[in-house]
Amino acid sequence: MSAQDPVSDPAPLTSTDPAAEPADVRFLLIDGHAMAFRAFFALPADSFTDGRGQATNAVYGFVRMLVNVVQSEQPTHVAVAFDLAGGTFRDRIYDQYKGGREETPAQFIGQIALIEQVLDALGVTWLTVEDYEADDIIATLATRTAADGGSALIVSSDRDAIQLVNDAVTLLQPVKGMTELRRMTPAAIEEKYQVPPERYPDLAALVGETADNLPGVPGVGPKTAAKWITRFGGLEGVLAHADEITGKAGQALRDHREDVERNRRMNEAVRDLDLPADLARYGLGRGDTIALGGIFDDLAFGPTIRRDIPAVFLAPGGASAAEQGTGPEGPDPADVQRPTPEQVPALLRETFADGAALDLRGSWELGEGDCDLLALASADDLAVIDLVGLDDVAERAVAGWLADASIPKVAYDTKLAAHMLAGRALEVAGWRTDLAIAEFLCRPDQRPTDLPGLALRHLQEDLAASSAAAQQELDLEGADEGAEAERWARRADAVRRLEPLLRADLASHTVEALHDELELPLAGVLGQMERTGIAVDDDVLAELDAQHAQQQTDVAESAFSHIGGDRINLGSPKQLQEVLFERLGMPRTRRTKTGYTTNAEALEDLFAQTSHPFLADLLAHRDVTKMRQIIETLRRSISPAGRIHTTFHQNIAATGRLSSNNPNLQNIPARTEEGRRIRSAFRTSEGYEALLTADYSQIEMRIMAHLSEDAGLIEAFRSGEDLHNFVASRVFDVEPDAVDPAMRSKTKAVSYGLAYGLSAFGLSRQLRISQAEATALRDGYFERFGGVRDYLRSSVEKARETGYTETILGRRRYLPDLTSDNRQRRENAERVALNSPIQGSAADIIKLAMLRVDAALREAGCTSRVLLQVHDELVVDIAPGELDAVRTIVAEGMGSAYELSVPLSVGMGVGRTWLDAAH
DNA sequence: ATACTGGTATG
DNA sequence: TCCATACCAGTATT
């Protein structure tokens, strides 16, 4: 019989949350003190401090452990129990309890309080009970949960937790470090200790517990104790039959019977403490990202751990729990509606008449895509429509709902959603918010430490993980459609809940118009461009590759011959360094992290000094290798239909430019004759007549003129003369006719360097002139174009005051480093501050132009279409007979996209291929 | 397998 | 020690 009074029936946990049926509860219970202590010894206290002398290693380790367990075990509820400093009832039973322990290490002190603060910010309930230990709290909650039909997971290194294990309660014991946990089920415990979990306290009472200073029976270890317990059915039986046990051990047992009985009284967990019974108190998702950011800042925690905080801790949308009100709101993803085809029209007509957040299960790559599940979320309803197997009526209902511009729609990535729907011949209109774009406009430099955006990034990661998981299940054909529907409903619901927060964010950064009128509609245009793709002639690429392949081997052989025939890997900087600087004894170049640079600039310098033929061959080899790489990448990207479909991203380049990948079509060679040949493989489509390229000339300098209001620069552009010639004539104080090419190229370098925050050092290196000469050049420039100098100075100052730079359309970029004490960081931020308004305004302008051109082509009934954007250039596919019309539309659309104080000049060229269309 | 580094292509 | 990107091969690291 237990040494303790019979345990009263546990009070059932009450649920104020209709979503959480007690039977669905997975309750994670953590012994806070034990785990913090373990973390303290697992991590070096000296390397984890907050910078003010407070050690944070236990906090860090504890949080890591918590995050890991929550991620891997996916509990629905969590509580952390702590011991209190004063004694407990056990000390009154036995005054030597836990005696003889070492003094708490000085560096551990205070870390429990910090852990409690972090838990508060994470919205995780932590508990202490006067006169009781953490284990009693855990025992109470685990017992209640199991009684209600739920399951519990206990994380504790304390052996007292073993007795709590049963079919519904699992113990996770730390094995080594903080993150490796052993799963102790009843079977695992029986295997390890030879007794079932409920008999473990019997065993412990006999063996004793040194950690608690509880002596057991001398000479009796776990083996003997387990044998006795099994033989007599428990400790009660063992004690009742103590006389029958022969030998030394039997005598020892009889001699220490009182110790054993005391031990058993001490190690029985208390399971009926008076604890809050409301389950919602222990629910996840009540974290406060702002508070968490503050605490992590105080603790000097880096970006890694911030990034690893799963969204499950955070309140919907990342707002504080206080703002949100506690508890989950809205429909329960488990109650997702899964309409039959007959129900679809009514569902869309009635339930989602006012719009929805949506998310799709599907794919998009190589210009092809498809989707099969459409998840919809409103404030009150969740539905997942199976797009496969719809009847005609249902299909028309879906198509009509999607295409109805008066029904607002929201998605995390609208362009991707449109791609997947386009695969089913479905068009979408009425997009209201693209969460990824909204997030980007508010925080273009997405740093993991920017906590307000954390919840969104977690949504993004969750979306990605969810898609990956679904794909895996699909591959294994083990997909459970019910679980899938719930998962996708959850995703759509997250989008739905985040939208108002992102809208508020857009408003507070004054970038609503930028989202609504520029980026969001642009996503539609880019989607069209991506789906269309550009025709590529693989034969041309194959031929180019063959030529380069021959050249590559020739030049490599030649290179080897110049270093004694050693066939080194010419692509290995390490091996090159060995040859150049060790074997050939060439002068060392600029240092890199891992050695000395072997970049083209340095190799050319070396060649100038040594004239070693190996260098020339190496450079040639680099060129041809790069060329083959590009060709190979492009060839691999060609779709079966013979087209390349890049992806344009609106949320990568912090200045607001687009980026292109898979493949990148914005860095196809253009500067060298040889490289440009690749452009001849890009050609007009079947049934089309030609490609047209249109680019802005000197758009960045024109923006500089506009923003700086420099009279000289404005005059330069209005005069219609060659810009750099004009500027050079002013800088060098000569007649325009007298400007020589050297003067022109020098001023050109200064002009462009200015917008990059170019230093005298950088300018001298660029032009290969002395620093003094570079300084004189820059000063001369500023003397004649004082407005530019004043503008550059004042724009950095303004950014330092406001904390951000701004483009002509109000696109912001926040630069906290402008006030950094670190010179390197500050100066870098200053250069960024100089460049961002200029590069960003240019991006704004061409984006406006794209909208105008696309709309005008449509309006004119043209079949011609924009295919690519390369920062200041558009590539258009011209349909037969439309050349003149398109020329006019593009010239007008680009030229009048935005009114600057100087004209926007657009150059155009036409040809069968991208190369021929150059001008 | 995954992350980083150096190199090079573009505007 | 000049802004913004993407991608590759080699190398180092779990």
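Nothing here was measured: the structure is a model prediction, and the numbers come from that model. Worth knowing before you read on, the calculation uses all heavy atoms, side chains too, and leaves out hydrogens, waters and symmetry mates. By convention in this document, chain letters (A, B, ...) are assigned in the order of the sequence lines, proteins followed by strands, and residues within each chain are numbered from 1.
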Please report, rounded to the nearest Å, how far the [atom2] atom of [N] is from the [atom1] atom of [X].
| X | N | atom1 | atom2 | result |
| --- | --- | --- | --- | --- |
| A:Leu834 | C:dA4 | CG | P | 11 Å |
| A:Asp695 | B:dT10 | CG | P | 15 Å |
| A:Asn661 | B:dT10 | CG | C1' | 14 Å |
| A:Phe648 | B:dG11 | CZ | P | 14 Å |
| A:Met627 | C:dC8 | CE | P | 15 Å |
| A:Asn664 | C:dA4 | CG | P | 17 Å |
| A:His871 | C:dC3 | NE2 | C1' | 12 Å |
| A:Asp623 | C:dC8 | CG | C1' | 15 Å |

Determine: side-chain N/O of [X] to OP1/OP2 of [N], distance under 4.0 Å, yes or no.
| X | N | answer |
| --- | --- | --- |
| A:Lys574 | B:dG6 | no |
| A:Asn828 | C:dC3 | yes |
| A:Ser659 | C:dA6 | yes |
| A:Thr655 | C:dC3 | no |
| A:Arg831 | C:dC3 | yes |
| A:Ser572 | C:dT11 | yes |
| A:Arg813 | C:dA4 | yes |
| A:Arg591 | B:dG6 | no |
| A:Arg628 | C:dC8 | no |
| A:Thr633 | C:dC8 | yes |

Assess the side chains of A:Ser841 and A:Asp844: does a donor N or O sit below 3.5 Å from an acceptor N or O?
->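 No, A:Asp844 and A:Ser841 have no side-chain donor paired with an acceptor closer than 3.5 Å.
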If you measure only the distance, is there a donor-acceptor pair under 3.5 Å linking the side chains of A:Glu873 and A:Gln869?
-> no
So, A:Arg567 and A:Glu557, do they make that salt bridge, N to O below 4.0 Å?
->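 The answer is yes: the pair qualifies as a salt bridge.
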Pairing of A:Glu439 and A:Arg443 as salt bridge, 4.0 angstrom limit | yes
[X] near the nucleic acid: base, sugar-phosphate alone, or nothing, with a heavy-atom cut-off under 4.0 Å?
| X | answer |
| --- | --- |
| A:Ala755 | nothing |
| A:Ile668 | sugar-phosphate |
| A:Arg778 | nothing |
| A:Ala843 | nothing |
| A:Thr597 | sugar-phosphate |

Please work out which of the three classes, parallel, tilted or perpendicular, describes the rings of A:His612 and A:Phe614, given edges at 30° and 60°.
->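 Perpendicular.
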Look at the rings of A:Tyr752 and A:His724 and say which category their plane angle falls in: under 30° parallel, 30 to 60° tilted, over 60° perpendicular.
->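 Correct class here is tilted.
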Identify which nucleotide among [options] has an atom closest to any side-chain atom of [X], counting heavy atoms from C-beta outward.
| X | options | answer |
| --- | --- | --- |
| A:Gln824 | C:dT5, C:dT1, B:dG11 | C:dT1 |
| A:Asn599 | B:dA9, B:dT10, B:dG7 | B:dG7 |
| A:Arg679 | B:dT10, C:dC8, C:dC7 | B:dT10 |
| A:Gln575 | B:dG11, C:dT11, C:dA4 | C:dT11 |

Ignoring hydrogens and angles, does a donor from either the side chain of [X] or the base of [N] sit under 3.5 Å from an acceptor on the other?
| X | N | answer |
| --- | --- | --- |
| A:Arg622 | B:dG7 | no |
| A:Asn667 | B:dA9 | yes |
| A:Gln629 | C:dC8 | no |
| A:Lys626 | B:dT8 | yes |

Of A:Ser836 and A:Arg590, whose closest DNA chain C nucleotide lies nearer the 5' terminus?
-> A:Arg590
Aromatic ring proximity A:Phe717/A:His706, centre distance under 6.0 Å | no
